[in-house]
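Just below is one structure, and these are the notes that go with it.
Below, chains carry the letters A, B, ... as their sequence lines are ordered, and counting in each starts from 1. Excluded from the calculations below are hydrogen atoms, water molecules and symmetry mates; all remaining heavy atoms, backbone and side chain alike, are included.
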There are 2 protein chains.
Amino acid sequence: MVDISARSDYAVRAMLALAADHDDPGAEKPAPVSVDRLAQAQDLPVKFLEAIVADLRRAGLVASRRGARGGYLLSRPADQIAVGDIIRAVDGPLAEVRGLRPHDTAYPGEAEHLPALWVATRAALRAVLDGTSLDQLRRGAWPTEVTALLRQPDAWESR
Amino acid sequence: MVDISARSDYAVRAMLALAADHDDPGAEKPAPVSVDRLAQAQDLPVKFLEAIVADLRRAGLVASRRGARGGYLLSRPADQIAVGDIIRAVDGPLAEVRGLRPHDTAYPGEAEHLPALWVATRAALRAVLDGTSLDQLRRGAWPTEVTALLRQPDAWESR
DNA sequence: GCTAATCCTGTCGGGTCAGTAGGATTAATG
DNA sequence: CATTAATCCTACTGACCCGACAGGATTAGC
């Protein structure tokens, strides 16, 4: 069902590392961070991460400086980047049904209402992932929807 | 991210077909439905569906009668079967992070709050899929959480 | 005993995923 | 101006999973 891929997981963690570097040293202009340092910070495979960060750049979420002293920078403030943006950048749409977008599935007979359920499923995902910014995630300062979900008693249990 | 697999999609549709047969002819005892008829009703590949329905049986969601005039029956009323139950039966856990359950992921440094986000993501999924029964799905009689999600203006739009 | 069904095992091609290899290009710095 | 440190690009691989099919063993109603 939901499988948070290594790509997405690594991408979010790299972005978190970048965000940290961004507001860390007071008011200085942040210096570009190399893939090597990002990989070290979160213990990720360097070459694989390199490919992932390239996707983030193509999606416009980070800017790159080439050459010595080069590296990557957030292209927007961390409170204006949703986690959903990151995941879409590296893994495509948040939800698919057998390769189709949820809203253009169609079914015969008894299953006529099924598309609505898939759409609702996607909407639920969006509420969490597009409702949480990189900045909120880093600080654990959750938006209200997420807080409500986490308050659920069995949220941390298997099922 | 979320990929509703063919297995899950087909499984839900087969269960819907079964549910329809169940309350259709008034108060008669429902007769077992063969895989062939289920496949026809929803236009699904017979042999593949056979394997899927076998999973549903092992999970206890349907009961089987072997031999001539055999087939499958819902093992509980359709309002006591959650869509989430069906999906778990054929595809395993609703959410995983690189093969791990969301609640036992762990991260170094800046990503310390990430597990909570994955857990919230799963909780959001559960709210929709465990909150909707097979019966509600068939009738399009959505629970309040789903209605709220579908009311969202861009719920049916791409992103 | 025929027939219609479940049940089981095995196979298969293609696709995706995580990760690696190797090198071309770019730019700061001494 | 050469060295060095970085991005960038293309290609590859090995493993695994997914959708689907084949063939037959078993069961039970008529």
* Between C:dA18 atom P and A:Asp43 atom CG, what is the distance in whole Å? -> 17 Å

* Report which part of the nucleic acid A:Ala6 touches: base, sugar-phosphate, or nothing (heavy-atom distance under 4.0 Å, all strands). => sugar-phosphate

* Protein-nucleotide distance (A:Arg65, atom CZ; D:dA5, atom C1'), rounded to Å -> 16 Å

* Presence of salt bridge, B:Asp79 and B:Arg139, under 4.0 angstrom -> no

* To do: Round to the nearest Å and state the distance from A:Tyr72 atom OH to C:dT26 atom P.
  => 15 Å

* Report yes if at least one side-chain N or O of B:Arg57 is closer than 4.0 Å to OP1 or OP2 of C:dC7; otherwise report no. => yes

* Whole-Å distance between D:dT13 P and A:Phe48 CZ? -> 18 Å

* To the nearest Å, how far apart are B:Arg13 CZ and D:dG19 P? -> 13 Å

* Is a salt bridge present between B:Arg101 and B:Glu96, judged by a nitrogen-to-oxygen distance below 4.0 Å? -> no

* Length of the line joining A:Ile52:CD1 and C:dG19:C1', which is rounded to integer Å -> 10 Å

* Asked: Taking for each residue the nucleotide of DNA chain C bearing the nearest heavy atom, is the 5' side occupied by A:Gly67 or by A:Ala51?
  -> A:Ala51

* Rounded to the nearest angstrom, tell me the gap between atom CG in A:Asp55 and atom P in C:dA18. => 12 Å

* **Whole angstrom value for the distance that separates P of D:dC18 from CG of B:Asp9** => 15 Å

* Using a 4.0 Å heavy-atom cut-off across all strands, classify B:Val46 as base, sugar-phosphate, or nothing. => nothing

* Asked: At under 4.0 Å between heavy atoms, what does A:Val35 touch on the DNA or RNA strands: base, sugar-phosphate, or nothing?
  -> sugar-phosphate

* Asked: Quick one: on DNA chain D, does A:Arg69 or A:Ser64 contact a more 5' nucleotide (nearest heavy atom)?
  -> A:Arg69

* Asked: Is any side-chain N or O of A:Arg66 under 3.5 Å from a base N or O of C:dT26, one able to act as donor and the other as acceptor?
  -> no

* Are OP1 or OP2 of C:dG19 and a side-chain N or O of A:Tyr10 less than 4.0 angstrom apart? -> yes

* Asked: Are any of the side-chain heavy atoms of A:Pro30 and A:Asp21 separated by less than 4.5 Å?
  -> no

* Between B:Arg7 and B:Asp55, is a side chain to side chain contact (heavy atoms under 4.5 Å, CB included) present by the stated rule, with each step listed? -> CA-CA 10 Å; B:Arg7 295 182 73 79; B:Asp55 283 339; 2.3 Å; yes

* Structure fact -> Regarding the side chain of A:Ser34, the nearest nucleotide among C:dA5, D:dA6, C:dA18 is D:dA6

* Distance-only donor-acceptor test (3.5 Å): side chain B:Glu50, base D:dC21 -> no

* To do: Look at B:Arg76 together with B:Asp85 and state whether they make a salt bridge at an N to O cut-off of under 4.0 Å.
  => yes

* Asked: Between the base of D:dG19 and the side chain of B:Lys47, is there any donor-acceptor pair under 3.5 Å?
  -> no

